[in-house]
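Note on naming: letters A, B, ... go to the chains in the order of the sequence lines (proteins, then strands), and numbering restarts at 1 for each one. Since the model is a prediction, treat every value here as computed from it, not as a measurement.
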Protein chains: 2
Amino acid sequence: MDDLTEMLKGTLEGCVLEIIGREETYGYVITRQLNELGFADVIEGTVYTILLRLERNGLVQVTKRPSGMGPPRKFYSLNAAGRAELGKFWAKWEYLSSRIDKLKEGGR
Amino acid sequence: MDDLTEMLKGTLEGCVLEIIGREETYGYVITRQLNELGFADVIEGTVYTILLRLERNGLVQVTKRPSGMGPPRKFYSLNAAGRAELGKFWAKWEYLSSRIDKLKEGGR
DNA sequence: TAGTGGTACTCGGTGATACGGAGTACTGAG
DNA sequence: CTCAGTACTCCGTATCACCGAGTACCACTA
């Protein structure tokens, strides 16, 4: 697949939010999940950038825990603001994708 | 609707390509069509930026024609490269939106 | 014990994009 | 003759995904 980076802008963060919303998890695993979900070219650095932004914007709760395999992990879970943001994200996605699909079907 | 600007990145250009692909048209009208299609906050300056970029990238053919109502208009139509780019855009959109929808439905 | 590979995070810089505002210019109506 | 509507250009800004280098911890192995 061609380069998707421009198209991912604004949506990748929402995807990360969704993944975190399912269960408490951390950056390395989120990256792997995104790759398996078809976002094959998303790299770790990108995910960590998003995670740091979510933290800075107060959308997540962060807990550092030691790991048996490597350095300590930063576990993320959504707080109330994060859940609200996730809801807004899906509303926006719903709105946008319906408009684009209509355009695609020849809507004018 | 909330601010869509980040989500539009990478997709708005494709929408403009699609509109131009239907019939030869110009910036002012394209903006109006986008607004009617639900991209309500898209402003003229943005569309003209995209148009200039399409021209610079050799995806469109441009014809300047005088107008009875105001300054001359720059009419745009797709050339072969533009049609190819449009095809790639829809392929990318198809790919991305199917992944996101799967994620939304609880896919893992 | 030195090296390698996998796990895990941080930080600074880059490029692409949509947006905003100011400016130019032409036309017709009041 | 001013004003609103049409129509385009240019410059600057913010945001985002990406990239590379760096740090650090652990387990295995030669």
Side-chain angles (χ1 to χ4, degrees), chain A residues 1-17 24-35 39-57 59-60 62-76 85 89 92 96 100, chain B residues 1-17 24-35 39-57 59-60 62-76 85 89 92 96 100:
Chain A
M1 174 57 49
D2 247 48
D3 189 34
L4 290 177
T5 75
E6 287 310 321
M7 230 179 234
L8 282 174
K9 289 189 178 176
T11 63
L12 195 54
E13 180 178 312
C15 294
V16 171
L17 235 26
E24 196 191 43
T25 182
Y26 58 99
Y28 190 80
V29 168
I30 294 170
T31 308
R32 290 294 130 85
Q33 282 186 12
L34 284 170
N35 293 152
F39 306 95
D41 299 334
V42 173
I43 211 84
E44 290 178 26
T46 300
V47 176
Y48 288 119
T49 304
I50 292 172
L51 258 10
L52 258 3
R53 190 164 65 230
L54 294 178
E55 188 177 355
R56 200 174 62 235
N57 294 347
L59 302 175
V60 288
V62 188
T63 314
K64 203 163 202 168
R65 296 214 190 89
S67 156
M69 287 291 288
R73 299 163 177 163
K74 280 178 75 178
F75 282 84
Y76 293 83
E85 191 62 29
F89 165 70
K92 288 202 279 185
L96 179 66
I100 305 245
Chain B
M1 174 55 50
D2 245 51
D3 188 33
L4 289 177
T5 76
E6 287 309 322
M7 233 182 233
L8 281 175
K9 289 188 179 175
T11 64
L12 194 55
E13 179 177 314
C15 294
V16 171
L17 235 25
E24 196 191 43
T25 183
Y26 58 98
Y28 191 80
V29 167
I30 294 170
T31 308
R32 288 296 128 86
Q33 282 186 11
L34 284 170
N35 293 152
F39 306 95
D41 299 333
V42 174
I43 211 84
E44 289 179 27
T46 300
V47 175
Y48 288 118
T49 304
I50 291 173
L51 257 12
L52 259 1
R53 190 164 65 230
L54 294 178
E55 189 176 355
R56 200 174 61 235
N57 294 346
L59 303 175
V60 289
V62 187
T63 314
K64 204 165 201 166
R65 297 213 189 87
S67 156
M69 287 290 288
R73 299 164 177 162
K74 280 178 75 177
F75 282 84
Y76 293 84
E85 190 62 30
F89 166 70
K92 287 202 280 185
L96 179 66
I100 306 244

J.: For A/Leu96 and C/dA18, what is the distance between atoms CG and P respectively, to the nearest whole Å?
T.: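 Atom CG in A/Leu96 sits about 12 Å away from atom P in C/dA18.
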
J.: Just the rounded figure in Å: distance from C1' of D/dC25 to NZ of A/Lys64.
T.: 12 Å

J.: Sugar-phosphate means primed atoms, P, OP1 and OP2; the rest is base. With that split, encode nucleotides 13-19 of chain D 5' to 3' as B, S or - using protein heavy atoms under 4.0 Å.
T.: --BBSB-

J.: Determine, for B/Glu24 against B/Arg73, whether the closest basic-nitrogen to carboxylate-oxygen distance falls under 4.0 angstrom.
T.: no

J.: Pairs under 3.5 angstrom, nitrogen or oxygen only, protein versus nucleotides 25-30 of chain C, please.
T.:
from	atom 1	to	atom 2	distance (Å)
C/dT27	O3'	B/Gly68	O	3.2

J.: Check the surroundings of atom CG in B/Asp2: do more than 12 heavy atoms from other residues, nucleotides or ligands lie under 6.0 Å from it?
T.: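 Yes, the 6.0 Å shell around CG holds more than 12 heavy atoms from other groups.
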
J.: Of the non-hydrogen atoms in B/Cys15 and B/Phe39, which two are nearest, and what is the gap between them?
T.: SG-CZ, 4.1 Å

J.: Give me the one residue out of B/Phe75, B/Tyr76, B/Tyr26 that meets side chain to side chain contact (heavy atoms under 4.5 Å, CB included) with B/Val62.
T.: B/Tyr76

J.: Which pair of heavy atoms, one from B/Gly10 and one from A/Met7, lies closest together, and at what distance?
T.: O-CE, 4.0 Å

J.: Can you tell me how far P of C/dG20 sits from CD of B/Glu44, to the nearest Å?
T.: 12 Å

J.: Would you indicate what A/Arg65 reaches in the nucleic acid, counting non-hydrogen atoms under 4.0 angstrom: base, sugar-phosphate, or nothing?
T.: nothing

J.: Write down the atom of A/Asn35, the atom of A/Val42, and the distance for their closest heavy-atom approach.
T.: ND2-O, 3.1 Å

J.: Roughly how many Å is it from OH in A/Tyr28 to C1' in C/dT10, rounded to a whole number?
T.: 16 Å

J.: Round to a whole Å and report the spacing from CG of B/Leu54 to P of D/dT9.
T.: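 These atoms are roughly 13 Å apart.
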
J.: Side-chain contact test, heavy atoms from C-beta onward, threshold under 4.5 Å: evaluate it for B/Leu34 versus B/Val47 and give yes or no.
T.: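 A side-chain contact under 4.5 Å exists here.
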
J.: Applying a 4.0 Å non-hydrogen cut-off, can you work out what A/Leu52 is touching in the nucleic acid: base, sugar-phosphate, or nothing?
T.: sugar-phosphate

J.: Is the shortest side-chain N/O distance from B/Tyr26 to OP1 or OP2 of D/dA7 below 4.0 Å?
T.: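 For D/dA7, OP1 or OP2 has a side-chain N or O of B/Tyr26 closer than 4.0 Å.
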
J.: D/dC8 C1' sits how many Å from B/Tyr48 OH, rounded?
T.: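 Atom-to-atom, B/Tyr48 to D/dC8, this comes out as 5 Å.
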
J.: Could you tell me the separation between the CE atom of A/Met7 and the P atom of C/dT17, rounded to a whole number of Å?
T.: 11 Å

J.: When the distance from CG of B/Leu51 to C1' of D/dC8 is rounded to whole Å, what number comes out?
T.: 10 Å

J.: Can you see which heavy atom on A/Gly27 is nearest to which on A/Leu51, and at what distance?
T.: CA-CD2, 3.5 Å

J.: Are the side chains of B/Met1 and A/Lys92 in touch, meaning some heavy atoms are under 4.5 Å apart?
T.: yes

